[in-house]
Amino acid sequence: MNYWLIKSEPEVFSIDDLKVQKRTHWDGVRNYAARNHLKSMALGDEVLFYHSNAEPPGVVGMAKVCKTAYPDPTAFDAKHHHYDPKSKPSSPAWFMVDMAFVKKFKRVIGLPQIKAEPSLKNMVLLRIGRLSVQPVSSAEFKVICQLAQQ
DNA sequence: GCCAACGTTGGC
DNA sequence: GCCAACGTTGGC
């Protein structure tokens with residue numbers, strides 16, 4: 001079992017949207033490092049859901065992988081905002097996974113709280129701030145879950 | 001709205 | 001293959 005963190009702007013797609021929809025295609029990732037993480041995800045991997053550009057930014061809940069990586073069709077659609085002519089159905093460049101809602105935390109674990117927690121100081125979130133799909137260690141995942149229960 | 005960080009593009 | 005210019009992300 002591996003653990004991950006995905007970012008979303010709540011104005012675009014929030015944990016509440018995922019709760020209503022129950023599952024969603026995690027499409028639109030157009031960064032190679034993020035894509036490689038998507039392709040490494042296994043069925044049932046647990047994923048922290050992070051709200052970026054929010055007040056406060058932070059981890060708001062949990063999802064899990066319910067379908068492993070497959071080609072992102074929005075990259076093939078010339079009219080789509082995420083269209084990329086480099087990606088062809090015969091040799092797709094971009095992939096997506098499906099995510100299922102697990103839970104929404106009772107409180108947001110804000111970025112300042114994460115920064116203040118010594119056991120989380122090596123989180124990719126703090127080291128590579130812009131990466132939108134990133135791995136989380138099992139120890140970090142446990143700490144986040146404990147903070148969510150306080 | 002500003003700006004730092006950093007990934008991507010393209011000229012050479 | 002280097003690197004400057006540019007675009008995007010995302011915290012503040």
Side-chain angles (χ1 to χ4, degrees), chain A residues 2-21 23-41 45-65 68-99 101-137 139-148 150:
Chain A
N2 287 308
Y3 302 96
W4 310 93
L5 180 147
I6 54 172
K7 294 184 187 174
S8 185
E9 299 190 33
E11 298 293 314
V12 179
F13 190 84
S14 72
I15 187 78
D16 295 311
D17 295 326
L18 182 61
K19 186 175 183 178
V20 170
Q21 295 184 20
R23 61 186 281 171
T24 192
H25 311 298
W26 206 258
D27 62 8
V29 170
R30 297 291 181 269
N31 169 283
Y32 288 103
R35 179 205 66 183
N36 293 342
H37 293 315
L38 283 180
K39 290 176 82 168
S40 300
M41 289 182 178
D45 278 1
E46 292 186 296
V47 182
L48 298 171
F49 198 105
Y50 180 93
H51 278 176
S52 59
N53 277 317
E55 186 50 53
V59 178
V60 293
M62 204 185 299
K64 68 178 176 188
V65 177
T68 55
Y70 58 108
D72 180 347
T74 65
F76 306 142
D77 178 358
K79 295 190 198 71
H80 198 281
H81 178 61
H82 292 302
Y83 173 60
D84 184 351
K86 288 196 302 295
S87 189
K88 305 209 166 51
S90 55
S91 60
W94 303 114
F95 290 80
M96 61 186 193
V97 301
D98 288 359
M99 295 282 183
F101 177 80
V102 174
K103 64 177 155 185
K104 180 182 177 179
F105 293 151
K106 291 200 168 51
R107 28 196 296 286
V108 177
I109 299 142
L111 185 59
Q113 189 180 1
I114 293 170
K115 285 180 175 170
E117 177 59 49
S119 58
L120 298 179
K121 69 174 192 303
N122 290 322
M123 273 191 84
V124 175
L125 182 68
L126 303 182
R127 292 188 288 117
I128 314 174
R130 289 183 44 184
L131 189 59
S132 64
V133 178
Q134 51 183 257
V136 174
S137 76
E140 290 160 354
F141 190 87
K142 279 182 195 139
V143 171
I144 296 281
C145 289
Q146 283 163 10
L147 291 174
Q150 283 172 10

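Below, each value reflects all heavy atoms present in this structure, side chains not excepted, and no hydrogens, waters or symmetry copies. Below, chains carry the letters A, B, ... as their sequence lines are ordered, and counting in each starts from 1.
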Q. For A:His25 and A:Tyr70, what are the C-alpha separation, side-chain angles and deciding distance, and is it a side-chain hydrogen bond (donor to acceptor under 3.5 Å, both in side chains)?
A. CA-CA 10 Å; A:His25 311 298; A:Tyr70 58 108; 3.0 Å; yes

(Q) Please evaluate residues A:Leu18 and A:Phe49 with respect to the criterion side chain to side chain contact (heavy atoms under 4.5 Å, CB included), reporting the C-alpha separation (whole Å), side-chain torsions for both, the decisive distance (0.1 Å), and the verdict. (A) CA-CA 10 Å; A:Leu18 182 61; A:Phe49 198 105; 4.0 Å; yes

**Q.** Option from A:Arg30, A:His80, A:His82 for which side-chain hydrogen bond (donor to acceptor under 3.5 Å, both in side chains) with A:Asp72 holds
**A.** A:Arg30

Q: Report the distance from atom CE of A:Met41 to atom CG of A:Asn36, rounding to the nearest 0.5 Å.
A: 11.5 Å

Q: Tell me, with the steps shown, if A:Asp45 and A:Lys64 meet salt bridge (Lys or Arg N to Asp or Glu O under 4.0 Å).
A: CA-CA 6 Å; A:Asp45 278 1; A:Lys64 68 178 176 188; over 6 Å; no

Is any side-chain N or O of [X] closer than 4.0 Å to OP1 or OP2 of [N]?
| X | N | result |
| --- | --- | --- |
| A:Lys7 | C:dT9 | no |
| A:Lys86 | B:dT9 | yes |
| A:Tyr50 | C:dG11 | yes |

Whole-Å distance separating the [atom1] atom of [X] from the [atom2] atom of [N]:
| X | N | atom1 | atom2 | answer |
| --- | --- | --- | --- | --- |
| A:Asp84 | B:dT8 | CG | P | 11 Å |
| A:Glu11 | C:dG11 | CD | P | 14 Å |
| A:His51 | C:dT9 | NE2 | C1' | 16 Å |
| A:His37 | B:dG7 | NE2 | P | 11 Å |

Q: Hey, which sits more toward the 5' end of DNA chain B by its nearest nucleotide, A:Asn31 or A:Asn53?
A: A:Asn53

**Q.** Any side-chain heavy-atom pair of A:Ile109 and A:Ile114 under 4.5 Å
**A.** yes

Q.
Near DNA chain C, counting only heavy atoms under 4.0 Å, which residues of residues 113-133 of chain A show up?
A. A:Lys115, A:Gly129, A:Arg130

